[in-house]
Each structure stands twice: as C-alpha cells, then as structure tokens.
Number of protein chains: 2
Amino acid sequence: MAPVEGLHAARSRGRNTRQLVHEALRSRIVSLELEPGTAISENDLAAELGVSRTPVRESLILLADEGLVDIYPQMGTFVSRIRERDVASAQFIREALERAALRDAVGRTTERDIADLKALLAAQEEADRRTDREGFFRLDEEFHARLMAVSGHGSAWPVVSQAKAQLDRARRLSLPLTAQMTRLVGQHREIVELLEAGDLDRADEALCSHLRLVFSDVEKIRARHPELFSDQDAPVRPRRETARRGGSRRET
Amino acid sequence: MAPVEGLHAARSRGRNTRQLVHEALRSRIVSLELEPGTAISENDLAAELGVSRTPVRESLILLADEGLVDIYPQMGTFVSRIRERDVASAQFIREALERAALRDAVGRTTERDIADLKALLAAQEEADRRTDREGFFRLDEEFHARLMAVSGHGSAWPVVSQAKAQLDRARRLSLPLTAQMTRLVGQHREIVELLEAGDLDRADEALCSHLRLVFSDVEKIRARHPELFSDQDAPVRPRRETARRGGSRRET
DNA sequence: GCCGCCATACTTGTATGGTAGTCGACCAGT
DNA sequence: ACTGGTCGACTACCATACAAGTATGGCGGC
C-alpha cells in the first residue's frame, strides 16, 4: 500500500487526519484496490499511513457505519463482502431518490444546467474513447450528482452517494463488459435530451432503465467473482489469513 | 443529566460502550432533552457517564455524521440547531423512500401484515387517548418501519430513520398542537385501509399528505421556538456560555 | 496418527497523557 | 470610558498504554 505522501501536509488545508484517512480508505475500498474480505489491522494501517491508531480507528468506525467494513470485536476488521441484501437495498434507495429528484427537475432546469450536463456528457464520451475507467467513474458520479442538484435536492446526494458505494464495487467489475461505458453514456445523453424536452414520463423511464442496467448484471458479475460476494444476508465471519510468519509485513 | 444507571451492566449484553453512549445521546437529542445549541464536552460527558473519553468521542463523531451535533475543532461540540436545509432534505428523502416502498407494497401485503398494522393502529389510538407522547412516538416509528417492511424494503429503513431524526426534533414540538396525534393516527388508518383495498393511487396520496402534515407546520413551530433553529444553511458558530466562574458544574 | 490442551501472538475496546488552537475575561494604556 | 494585548481555561485532536478476548500453532497424552 502506498505510504500516502503528503498526508501531514494536507492537514493544513482544513481537514483533519481522521477525514483524510476516511476518504483514502473509502476510495481504496470502492475502487476495489482493497478487495472484499481483506483484513484491515488498525495497527498495521496506522503504521503504513504514519499516524496513530486513533484516527484510523475512528475512520473504520465510520466505514462500518456505511457498511463498507465489518468490525468483529477482538477478532478483526475486514472489508465487507458484497451482500445481495445490501445491493438490493442500495438499488432501491438510489432509484427512489434519483427518480423523485428527476420528477422535480423537469420544468425547473435552466439552459445553464443543460449546458453543464452536456459538457459532462462530452467528457464521458472522451473517457470512453480512451477506455479511462477511473475518469469515467468520476464523471459518472459527477453527472448524477449534478442531475440531482438541478432539481434543488442536491443536499440529498450524500445519501445516494453512500448507497451507491455498495453498488460501485460491483459496477467496477461490470465496466469491462463489452461496450458497457458506451451504453451508459448513451443513456445519460438520452436522459438529458428528454429532460431538455420536458418529457417527464420518458425521462423517468430512461433513468430507471439506466439505473437498472448494472443491477441486472450483478448476477453475471457474481458468477465471475464469487469470492467477492457473501452468500449470507448477515455478515459472515471470515477466516484470518494463516502462516504470515515467514515474511515481514512492513516494508520499513 | 441522569447518571445512566446500569451502563456497565448492559455491556455484558453484547453491545459495547460506544454503542450504548451513542444510543443514549441520540435519544436525548431527538427527544429534545438536549436542546439545539447545547454544548457537549467530551470531558464532562465522560465524567457524567462514568466512562472514558474514547467511547464518548467516537459516539460524537457518529452523531456528527448524522448531522445531530456540530463539531468545531478546538472550540467545542454542540447539539446542532434545526436547519431549514436539513429539514427539507430529510423530508425529500423520507417522502421518496416511503412512497416508493408503498408502491411496491400494494399487492404484496398478506393478511398477517394488515393485522399487524391494525394492531399498531389500536395501540396508537390508545396512546392518543392517554396523551402519551413518548409512547406515540415509538409507535409511529414502528408503524412506518413496518409499512416499509411489508414491501420487502425493510432494510432501507435505517436510512429513513436517520433522515427522520432531523424531522423528529421539530415533530416533537408539533405534537402539542391541537388534536395533532388524533389527526396522525387517522391518516395512518386511512393508509392501511387503502393498502388493504389495493388502491395504489389513493394510498400514495394519503401517505404523501400524511408525511407533509408536520412539514407544513415547521414554520409555525419555528415561530414559537426560534432559538432552536438556525437561520444559516451552514452551521453557525455558537457562542460559548460565559461567566461560569462562580459555581461548580459537577454535582459530585 | 489423532485429539485436546495450552501458550502466544494477534485483534479491538477502553483509558489516559500531551499538544495545538480558540475563546473570553481581565488589565494596562490611551 | 474605551481599546488592545495578555493570560488562563477550555476545547478537540492525536498519540500511547493497558485490558480483555479470540484464533492459531505446537505440544503432550492417548
């Protein structure tokens, strides 16, 4: 794991260590850099990041609240596996909130809003062309956030974002599917055009099928990467890795 | 503040100190026992609860994440004032999720579900008769949770519950309004009957107007208790209480 | 060889110490 | 009387130490 250069330097910019660690860890989990099932030791992580256990621990508590890690007292903390139940729940939440926002957005959008959204579309097409998955993800996030913002319900985005985190780990695996990015950006464009035209019903329908595209692929993804999923609804007790004895874990 | 009897005894029942402190504080904030604007000191609270600062601090971080307290580094932690923006956001979230769930519930409800809901209605009427506001609140919470559960989206309830926390502080103040509890339970009954009849559109309409009843009263409530609200969208820096010099704060 | 016990090295939970920063009251100088 | 500077008390943040509990590897008895 990278030693997080400049962590202490960034602290001067208003955010404290806890928030920095939280963001860094969250990013690594959602991006699958830390795979579901991976053990996270407060001690090791603190040593790797060059901070004490306290901010690391506090970050993990927040991540546990988001459902991204499972903490088993006196046993260990593990990146949560993708749970069928959580994915379904996140899908429901996201769908309900984004669709409700869109319904309020129609008729309230300014030309400026449309222009902004179209600029994002262009950037997405560019990312697709370059097969830049990381960039595409960032732009996708921004697109949906902006879409909610134009309805005046932008302050509800963090809730969607948190639910989305559960989905994004699966989404990350679905992007290599054939022409997935192209399909997604096409749907984005359709939504914007219908929104611009003020066609509420069809815009809603387009958004709904867009949101369900990845969800419908989850089972395929699960077949490809079963080890990242959990069969149980309740978190399952993972086994600790054995025989670390030989190698040193720290690269210091 | 009460010394939280039996806190350590409860620890043996699986939950750790952090969770207990978290729940206790949350309850006190939502019930307005701790009024918006009240300063919360890690040191004092830990001493009062008879635990160390660590679990208290971790609880406060979680509460800050929920928007129930505002933490100003090196200045203090304060029960957040009710913000117009947060209330509107919570209302949007709750409305979108509960209505979406209800739409999925129609046609899927069993007789058992209807019977359970009706039992809750009876209990609510009883609480109304006795003017038992605390009991009514508990039953209201349980009713809406159950309503979401019958749709199969019960796992999304925690999100609603968290949004509701922002609303509940205002709701708490609205209950003394004339016949408020009677009106609410009447609407509950209407929803259940329309759900039982399978009338999707009217059930949705009834739920929507039910959810908006309190929201529409927020401005009245604000006029009565302006000190509990914040004019700013962003959290405002509260002033520390002055001239404590004379008396000792601890009753030990 | 197989099973059960035990020591040990880990884990998270909790308690406490030390630091930097902010506020508010007090006091000197105008 | 009023303003500016200083000082003290308080804050949350971070680091560290201790405690309680668990899983695992090895050993002894069978």
Side-chain angles (χ1 to χ4, degrees), chain A residues 7-8 10-22 38-65 69-79 235-250, chain B residues 7-8 10-22 38-65 69-79 235-250:
Chain A
L7 189 144
H8 288 86
R11 277 189 53 181
S12 50
R13 243 172 294 147
R15 297 201 295 235
N16 55 28
T17 308
R18 172 176 69 250
Q19 292 164 348
L20 292 172
V21 173
H22 177 66
T38 306
I40 299 177
S41 161
E42 292 179 2
N43 268 315
D44 290 358
L45 189 56
E48 284 162 7
L49 297 179
V51 299
S52 84
R53 264 185 64 206
T54 304
V56 170
R57 172 177 171 75
E58 291 167 350
S59 299
L60 289 175
I61 290 170
L62 285 172
L63 290 170
D65 197 54
V69 305
D70 297 322
I71 300 176
Y72 301 91
Q74 276 71 40
M75 268 198 288
T77 301
F78 304 84
V79 178
V236 64
R237 252 173 29 180
R239 301 201 150 272
R240 199 179 291 169
E241 292 174 18
T242 177
R244 280 175 172 172
R245 194 60 54 89
S248 70
R249 270 175 298 171
R250 321 263 169 82
Chain B
L7 188 145
H8 289 86
R11 278 189 52 180
S12 50
R13 244 173 296 147
R15 297 199 297 237
N16 55 26
T17 309
R18 171 177 71 250
Q19 292 164 350
L20 292 171
V21 173
H22 177 66
T38 306
I40 299 178
S41 160
E42 289 180 5
N43 267 313
D44 290 359
L45 189 55
E48 285 162 6
L49 297 179
V51 298
S52 83
R53 280 161 27 220
T54 303
V56 171
R57 173 178 167 75
E58 291 169 349
S59 299
L60 290 175
I61 290 170
L62 284 172
L63 290 170
D65 196 54
V69 305
D70 296 322
I71 299 177
Y72 301 92
Q74 276 70 39
M75 267 196 289
T77 301
F78 305 85
V79 178
V236 63
R237 245 154 62 157
R239 302 201 149 272
R240 200 179 289 169
E241 291 175 16
T242 176
R244 281 174 173 174
R245 194 61 54 90
S248 71
R249 270 175 298 169
R250 318 266 169 79

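Just so we're clear, the structure is a prediction, and the values are computed from it rather than from any experiment. In what follows, chains carry the letters A, B, and so on, assigned in the order in which the sequence lines appear, proteins first and then strands, with residues in each chain numbered from 1.
- Atom CD in A:Gln74 sits about 7 Å away from atom P in D:dG21, given to the nearest Å.
- Residues B:Thr54 and B:Glu42 both approach DNA chain D. Their nearest nucleotides, taken by heavy-atom distance, put B:Glu42 toward the 5′ side.
- Just one of B:Val56, B:Leu45, B:Leu20 meets the side chain to side chain contact (heavy atoms under 4.5 Å, CB included) condition when paired with B:Val51; it is B:Val56.
- Residue B:Arg57 contributes atom CZ, which lies 11 Å from atom P of D:dA15 at whole-angstrom precision.
- The shortest distance between the side-chain N/O atoms of A:Thr77 and the OP1/OP2 oxygens of C:dT12 is below 4.0 Å.
- Contact record, B:Ile40 with B:Val79: CD1-CG2, 3.7 Å, taken as the closest heavy-atom pair.
- Rounded to an integer number of Å, the gap from CZ of B:Arg53 to C1' of D:dA15 is 11 Å.
- Nucleotide C:dA15 holds its P atom 10 Å from the CD atom of B:Glu58, rounded to whole Å.
- Considering every non-hydrogen atom in both B:Asp65 and A:Asp65, the closest pair reads OD2-OD2, 4.1 Å.
- Using a 4.0 Å cut-off, no side-chain N or O of B:Ser52 falls inside it from OP1 or OP2 of C:dT16.
- Among the protein residues, A:Ile40 comes within range of the sugar-phosphate backbone only, with heavy atoms under 4.0 Å from sugar or phosphate atoms but none that close to a base.
- When the salt bridge (charged side-chain N to carboxylate O under 4.0 Å, His left out) test is applied to B:Arg18, the partners found at least two apart in sequence or on another chain are B:Glu58.
- Distance, B:Phe78 CZ to D:dC10 P: 14 Å, rounded to whole Å.
- Regarding B:Asp70, its CG atom lies at a distance of 14 Å from the C1' atom of D:dA12, rounded to whole Å.
- Distance A:Ile71 CD1 to C:dT14 P: 11 Å, rounded to the nearest Å.
- Look at CG on A:Leu45: it is 16 Å from C1' on C:dC10, rounded to the nearest Å.
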